[in-house]
Amino acid sequence: MEDEEQGEWASKAWAHLSSVRSLTPLIQCITNFVSMDLTANTLLSAGASPAMLHSATESPDFTPQVHALYINVGTLSDDWLPSMKVAAELASKFNKPWVLDPVAAGASGFRLKACLDLISLRPSVIRGNASEIIALANASFGSSTKGVDSSHDSTDAVEAAKSLANSSGAVVAVSGAVDFITDGNRVVGAQNGVPMLQKITATGCAVTALIAAFVAIDPSHALEATASALAVFGVAGEMGMEMARGPASMRMHLIDSLYGLDQTASWTRLPKFRYI
Amino acid sequence: MEDEEQGEWASKAWAHLSSVRSLTPLIQCITNFVSMDLTANTLLSAGASPAMLHSATESPDFTPQVHALYINVGTLSDDWLPSMKVAAELASKFNKPWVLDPVAAGASGFRLKACLDLISLRPSVIRGNASEIIALANASFGSSTKGVDSSHDSTDAVEAAKSLANSSGAVVAVSGAVDFITDGNRVVGAQNGVPMLQKITATGCAVTALIAAFVAIDPSHALEATASALAVFGVAGEMGMEMARGPASMRMHLIDSLYGLDQTASWTRLPKFRYI
Amino acid sequence: MEDEEQGEWASKAWAHLSSVRSLTPLIQCITNFVSMDLTANTLLSAGASPAMLHSATESPDFTPQVHALYINVGTLSDDWLPSMKVAAELASKFNKPWVLDPVAAGASGFRLKACLDLISLRPSVIRGNASEIIALANASFGSSTKGVDSSHDSTDAVEAAKSLANSSGAVVAVSGAVDFITDGNRVVGAQNGVPMLQKITATGCAVTALIAAFVAIDPSHALEATASALAVFGVAGEMGMEMARGPASMRMHLIDSLYGLDQTASWTRLPKFRYI
């Protein structure tokens with residue numbers, strides 16, 4: 001029974017990846033300076049077409065052409081926030097899915113409010129670590145965060161994620177040793193990945209961008225597409241880890257593995273999903 | 001006859017690279033956030049000295065000291081455009097060659113106008129993909145572009161490149177399976193490189209920066225210096241590809257190969273040029 | 001006698017690295033766009049927790065929570081300078097150590113004045129190349145600089161470093177073939193590292209960030225912590241160089257080596273320090 005469910009999820013994940021490769025969705029990325037290189041290379045390796053265009057002046061021309069929008073607040077400033085809002089509003093208006101990475105949501109009052117304002121513009125998916133999701137669900141800052149790293153296990157944040165999903169209408173994903181994905185009703189656990197991913201900057205940002213690409217090609221199944229993206233990235237991480245000697249070689253092998261993933265590999269490294 | 005022409009181009013390419021290595025030209029780069037790391041490392045590996053200084057406040061002191069200026073509009077915004085214009089004007093005033101990468105020129109009206117305004121400040125070289133060059137030659141946007149990737153073959157853009165070269169006074173290079181370089185009169189084709197370069201973000205940006213370094217040391221032969229830079233980068237790509245397992249290891253081997261290129265390698269991997 | 005001194009320095013360096021690994025200090029980084037990826041990965045590999053938050057709007061909430069602040073002026077602009085000053089003032093007010101990398105200090109009047117203004121906000125440590133330290137000590141620009149690369153040997157800058165340390169109250173480190181570290185009175189030389197580090201962009205920025213992490217866990221011994229960070233990074237560079245084929249593979253092996261450093265390696269690659 002469980003094996004059958006696993007097999008269905010695995011089939012879905014590979015179907016999603018195949019669609020990204022054949023449809024090369026165009027993903028507008030308004031993301032932080034630290035992650036731009038890894039994010040663009042992650043999307044390219046998965047078969048998507050990234051475009052790091054952030055200016056509010058050109059989004060009215062550009063956002064209507066894209067297949068999905070990705071917004072990440074990592075290096076947020078007063079200058080960039082209005083651009084994020086303009087693009088998010090355009091995405092909503094033109095029925096483009098958009099995905100939010102609320103990096104360090106609890107690190108300041110400014111950042112928390114910015115994230116909550118963006119969430120009111122109706123993202124399709126929100127992906128964060130446990131501390132970020134808890135900060136957003138509680139609309140509070142300062143108590144549960146240490147910079148950009150989580151001080152909670154992902155299991156601590158499942159209820160917060162359900163609550164945030166229900167209040168926002170978004171699918172909410174919590175990354176951790178187990179990734180949890182919920183639409184407020186269903187909860188899926190995904191267990192691929194390796195701890196070394198935490199030692200490489202911007203892997204969280206990169207996987208959120210990958211979610212945007214997967215949701216772009218299956219917007220009416222955001223929960224499943226999100227789970228697929230997390231599993232595919234995790235499987236690439238597992239394969240990369242076998243060749244890595246440290247975080248920097250891991251980063252290289254991760255991207256190479258994502259590019260080279262095939263379904264044969266999938267049968268030996270079945271994405272590990274289940275409903276909770 | 002053709003072999004002889006090939007040999008002359010190859011000799012030129014290696015002479016240009018040797019000059020960059022011995023003269024270490026200082027290249028001011030005002031480029032997009034995604035490409036800064038790869039661009040700086042490409043220039044360093046080729047022997048040039050990159051400086052990512054973009055502020056309009058300091059360009060009056062700094063631009064007169066550089067050997068060439070590189071401008072790339074990838075992550076263009078209202079804030080950065082005036083800085084680009086100030087630096088381009090200074091470069092022209094002080095007779096420094098400057099090189100433009102019109103990333104995604106056709107993606108918005110704002111971006112197209114910005115590129116055309118920059119072109120009116122007389123760059124020495126413009127390098128783009130086919131869709132970008134066609135958008136600039138036609139001064140139109142929206143129809144021929146998909147984000148930052150080209151939706152045309154480079155051969156489709158040869159006439160547009162000649163037209164843009166004639167109207168702007170710049171050497172125009174179109175990247176693709178074959179790279180074309182034209183001054184509006186002569187057209188050179190360069191055939192080095194591998195498709196995997198398209199799967200690594202910012203390789204186009206990086207090769208345009210390399211063009212700036214090559215033009216810096218031979219400003220009166222911008223056509224030849226541009227062809228040399230494209231061929232050298234392409235040869236490094238071919239060598240890198242032999243060791244690569246995917247896009248990320250390719251990126252590493254590309255830079256290592258560029259750093260290690262020697263003339264012995266050149267005789268077995270002769271840059272593939274010809275006049276069209 | 002000298003061996004004994006060497007052994008003491010080596011013990012200190014490994015004690016510092018062990019503390020960073022166990023205490024994972026949170027380091028706020030306001031740094032240039034080119035270096036963000038390498039800087040974050042350097043800090044993660046050493047065991048610290050980087051946070052690239054730069055907005056003046058959120059520093060009042062965030063800076064009081066961090067263990068140290070790192071400021072780097074590489075891609076300085078009128079927009080970012082006030083953020084740097086706000087964060088530096090907060091660090092001073094809350095007794096957090098902060099470290100300055102005065103990239104290309106002599107490249108323009110604007111940049112020199114910005115660096116001098118920041119120095120008046122009392123950094124714990126200033127680390128630059130010889131040309132930068134000379135420019136700051138002389139409060140002059142233009143004569144001694146070539147973009148971001150040094151045109152002086154580090155030995156030329158020892159007197160300038162002592163003078164700057166005395167006038168600023170900061171520990172001053174000059175990078176080069178030999179690194180010199182001084183508090184204006186004592187001068188320490190550290191000789192680890194390899195020339196290839198100069199061919200990788202942002203290695204200077206990255207080691208300054210590492211200094212911030214080391215000073216974070218031993219703020220009352222800034223001279224020793226600075227020397228330790230430079231030696232640890234240099235040892236990782238030496239280990240990386242043995243596996244490297246060029247600058248890009250060097251960058252990878254450097255980070256992997258920093259992550260994997262253990263005390264056994266230290267006895268064969270003793271950090272090379274001495275008082276001058």
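Below, chains carry the letters A, B, ... as their sequence lines are ordered, and counting in each starts from 1.
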Report task. Step through the shown structure and confirm whether more than 12 heavy atoms of other residues, nucleotides or ligands are within 6.0 Å of CZ on B:R21. Result -> yes

Query raised in the report: What heavy-atom pair brings B:S55 and C:D78 nearest, and what distance separates the two atoms?
Result: OG-OD2, 4.3 Å

Report task. Search all heavy atoms of B:D61 against all heavy atoms of C:F110 and return the closest pair with its distance. Result -> OD2-N, 4.4 Å

Query raised in the report: By side-chain contact (heavy atoms from CB on, under 4.5 Å), which residues pair with B:A248, not counting sequence neighbours?
Result: A:M252, A:I255, A:D256

Requested in this report: Start with the C-alpha gap between B:M36 and C:M36, add the side-chain angles, then the distance that decides, and say whether side chain to side chain contact (heavy atoms under 4.5 Å, CB included) holds.
Outcome: CA-CA 10 Å; B:M36 285 193 187; C:M36 286 194 187; over 6 Å; no

Query raised in the report: With side chains defined as the heavy atoms from C-beta onward, is the minimum distance between B:Y259 and C:K199 less than 4.5 Å?
Result: yes

Report summary line: Taken in chain and number order and not counting sequence neighbours, the residues that satisfy ring-ring contact (aromatic ring centres under 6.0 Å, His included) with B:H253 are none

Query raised in the report: Roughly how far apart are B:T75 OG1 and C:F33 CZ, rounded to 0.5 Å?
Result: 8.5 Å

Report summary line: Taken to the nearest 0.5 Å, the spacing of B:L44 CG from C:I200 CD1 works out to 9.0 Å

Report summary line: One should read off an interatomic distance between C:S35 OG and B:D37 CG, to the nearest 0.5 angstrom, of 9.5 Å

Query raised in the report: Does the side chain of C:N32 come within less than 4.5 Å of B:M52's, by heavy atoms?
Result: no

Query raised in the report: Going by atom types only, do C:T201 and B:N41 share a side-chain donor-acceptor pair under 3.5 Å?
Result: no

Query - C:D79 portion near chain B, given a 4.5 angstrom heavy-atom threshold - result: side chain

Query raised in the report: So which of C:G74, C:P247, C:S77 has the largest heavy-atom pair count under 4.5 angstrom toward chain B?
Result: C:P247

Query - Separation between NE2 of B:H54 and CG of C:L76, rounded to the nearest 0.5 Å - result: 8.0 Å

